[in-house]
There are 2 protein chains.
Amino acid sequence: MAIRPPTLEETTAAENSNARISEYESACVAGGQGEAIRDVLNHIGNKWTLLIVRALSVGVRLRFTQLQRHIPGISQRMLTVTLRHLERDGLVRRTLHAEVPPRVEYELTDIGTTLIEPARALGSWATESYLSVLASRERFDATLAGGPNHST
Amino acid sequence: MAIRPPTLEETTAAENSNARISEYESACVAGGQGEAIRDVLNHIGNKWTLLIVRALSVGVRLRFTQLQRHIPGISQRMLTVTLRHLERDGLVRRTLHAEVPPRVEYELTDIGTTLIEPARALGSWATESYLSVLASRERFDATLAGGPNHST
DNA sequence: CGGTATCCGCTTAGATACTG
DNA sequence: CAGTATCTAAGCGGATACCG
């Protein structure tokens, strides 16, 4: 795919002749990246998915209870649900060993492994920008303390 | 930060001596990246944020209505709400021109600009993996059609 | 051990109507 | 033009209890 953001000129042109839509834009909407991005974000944007991926990203298979220890605060239910979603999407492989007591192990699939890099990039960004974001929020909230009208 | 995933040996060691927690793990939980990641994901993981960032990533200031045209399907309300969040977090700058009719322009801040790369990485991953994910879902749903018990 | 089932509250997002 | 206000439905996530 050779999709790239439009240049300034293209953007301006698209704005002026309101009817035309650039390749970039059409790629961002329903048929193209928009749907994929939104669909993917609906899954990896939830509370636990990236944390599970990070836990599995070391490349070793982990059992249910091990995962739970790796992700403090997650409930049994949410761990099950999130793992199920990841398995359904083909990002995580679940292996049930028919023993007593049962043993279930989880690992990233090949596709799941390709998520590690983007996820780490995002995680790094989050870590590096977090202080700045927190500071900005404080400033914003302090400024708006008086009026409900944003621009007053 | 010199945080890196633990090696296999470290992980195994951590599992065995259940009490110890590796640097990587502690960085992933509440005090460290976990909070930042979750907080950030709560914002950028919603339905529209990344689409807005992408629209603004071309580096040109866009007006409210222009943004709305760039992101088909977004409602006035959701555009307002999402932009407000981005502004509060210091990722987007809002400029109100005191004219009649009013003109408001939005652009990425410096920090907002640093989000472009991770966002694009994630977007690319989404686009490239989407077909595979969809296929996996179909397989998963077809296999489970019979029984509610996952492992049966 | 590794789940499932149920209930319930909170947040998100869409539709609609109104405004400086 | 660029919002705000209100209402509502759906989804996400937590707590608890029970099961193979």
Side-chain angles (χ1 to χ4, degrees), chain A residues 15 18 30 34 38-52 61-88 92-107 144 147-152, chain B residues 15 18 30 34 38-39 41-52 55 61-88 92-107 144 147-152:
Chain A
E15 281 316 326
N18 210 328
R38 284 210 290 253
D39 196 349
V40 165
L41 248 67
N42 267 340
H43 286 75
I44 73 129
N46 67 29
K47 199 170 178 180
W48 303 109
T49 302
L50 274 200
L51 263 15
I52 292 181
R61 293 206 300 249
L62 291 179
R63 301 180 61 169
F64 189 87
T65 326
Q66 287 177 317
L67 271 173
Q68 206 167 10
R69 275 200 301 273
H70 273 269
I71 306 165
I74 194 170
S75 66
Q76 232 175 15
R77 183 180 117 88
M78 289 321 294
L79 182 55
T80 304
V81 168
T82 312
L83 282 170
R84 224 36 113 237
H85 282 151
L86 284 167
E87 190 194 359
R88 188 170 105 101
V92 156
R93 180 166 32 250
R94 177 184 185 268
T95 311
L96 166 67
H97 302 267
E99 307 169 359
V100 177
R103 191 171 98 249
V104 180
E105 291 181 318
Y106 294 92
E107 62 189 317
L144 285 207
N149 258 10
H150 182 58
S151 352
T152 329
Chain B
E15 280 317 324
N18 211 328
R38 283 210 289 253
D39 196 349
L41 247 67
N42 267 340
H43 286 76
I44 74 129
N46 67 28
K47 200 170 178 180
W48 303 107
T49 302
L50 273 200
L51 263 14
I52 292 181
R61 292 206 301 249
L62 291 179
R63 302 179 59 170
F64 189 86
T65 327
Q66 287 177 316
L67 272 172
Q68 205 168 10
R69 275 200 300 275
H70 273 269
I71 306 165
I74 195 171
S75 65
Q76 235 176 12
R77 184 181 119 88
M78 289 320 294
L79 183 55
T80 304
V81 169
T82 311
L83 282 170
R84 223 40 110 237
H85 282 152
L86 284 168
E87 190 194 359
R88 187 169 104 101
V92 156
R93 179 165 35 249
R94 178 182 183 269
T95 312
L96 166 66
H97 302 266
E99 307 169 356
V100 177
R103 190 172 98 248
V104 180
E105 290 181 318
Y106 294 91
E107 63 189 316
L144 285 206
N149 259 8
H150 181 59
S151 352
T152 328

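Letters A, B, ... mirror the listed sequences (proteins, then strands); counts begin at 1. Nothing here was measured: the structure is a model prediction, and the numbers come from that model.
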Phosphate OP1/OP2 of D:dA2 contacted by B:Arg103 side-chain N/O (<4.0 Å): no
Atom pair distance, as rounded to whole Å: CD in A:Glu105 and C1' in C:dC1: 13 Å
Side-chain N or O of A:Arg94 closer than 4.0 Å to phosphate OP1/OP2 of C:dG3: yes
Rounded distance in Å - NE2 (A:His97) to P (C:dG3): 12 Å
Contact check, side chains of A:Arg61 and A:Arg93, non-hydrogen atoms, under 4.5 Å: no
Residues forming a side-chain contact (heavy atoms from CB on, under 4.5 Å) with A:His85, sequence neighbours excluded: A:His43, A:Val81
Protein-nucleotide distance (B:Leu79, atom CG; C:dA15, atom C1'), rounded to Å: 16 Å
Side-chain N,O (B:Tyr106) to OP1/OP2 (D:dC1) below 4.0 Å: no
Test applied, side-chain contact (heavy atoms from CB on, under 4.5 Å); reference residue, B:Leu51; option that passes from B:Ile74, B:Leu67, B:Ile71: B:Ile71
Rounded interatomic separation in angstrom, taking CD from B:Gln76 and P from C:dA15: 13 Å
Side-chain heavy-atom pair A:Arg94, A:Arg84 within 4.5 angstrom cut-off: yes
Any B:Thr82 side-chain heavy atom under 4.5 Å of B:Lys47 side chain: no
Rounded distance in Å - CZ (B:Arg61) to P (D:dC1): 19 Å
4.5 Å side-chain heavy-atom contact, B:Gln76 and B:Phe64: yes
For atom CD of A:Gln68 and atom C1' of C:dC1, their distance in whole Å: 11 Å
Whole-Å distance separating the CZ atom of A:Arg38 from the C1' atom of C:dG14: 13 Å
Upstream residue (5' side of DNA chain C) when A:Pro101 and A:Val81 are each assigned their closest nucleotide: A:Pro101
Per-nucleotide protein contact string for nucleotides 8-14 of chain D (B base, S sugar-phosphate only, - none; heavy atom under 4.0 Å): -----BB
Distance in angstrom units between A:Arg63 CZ and C:dG2 C1', rounded: 9 Å
Pairwise side-chain contact, A:Asn46 with A:Met78, heavy-atom cut-off 4.5 Å (strictly under): no
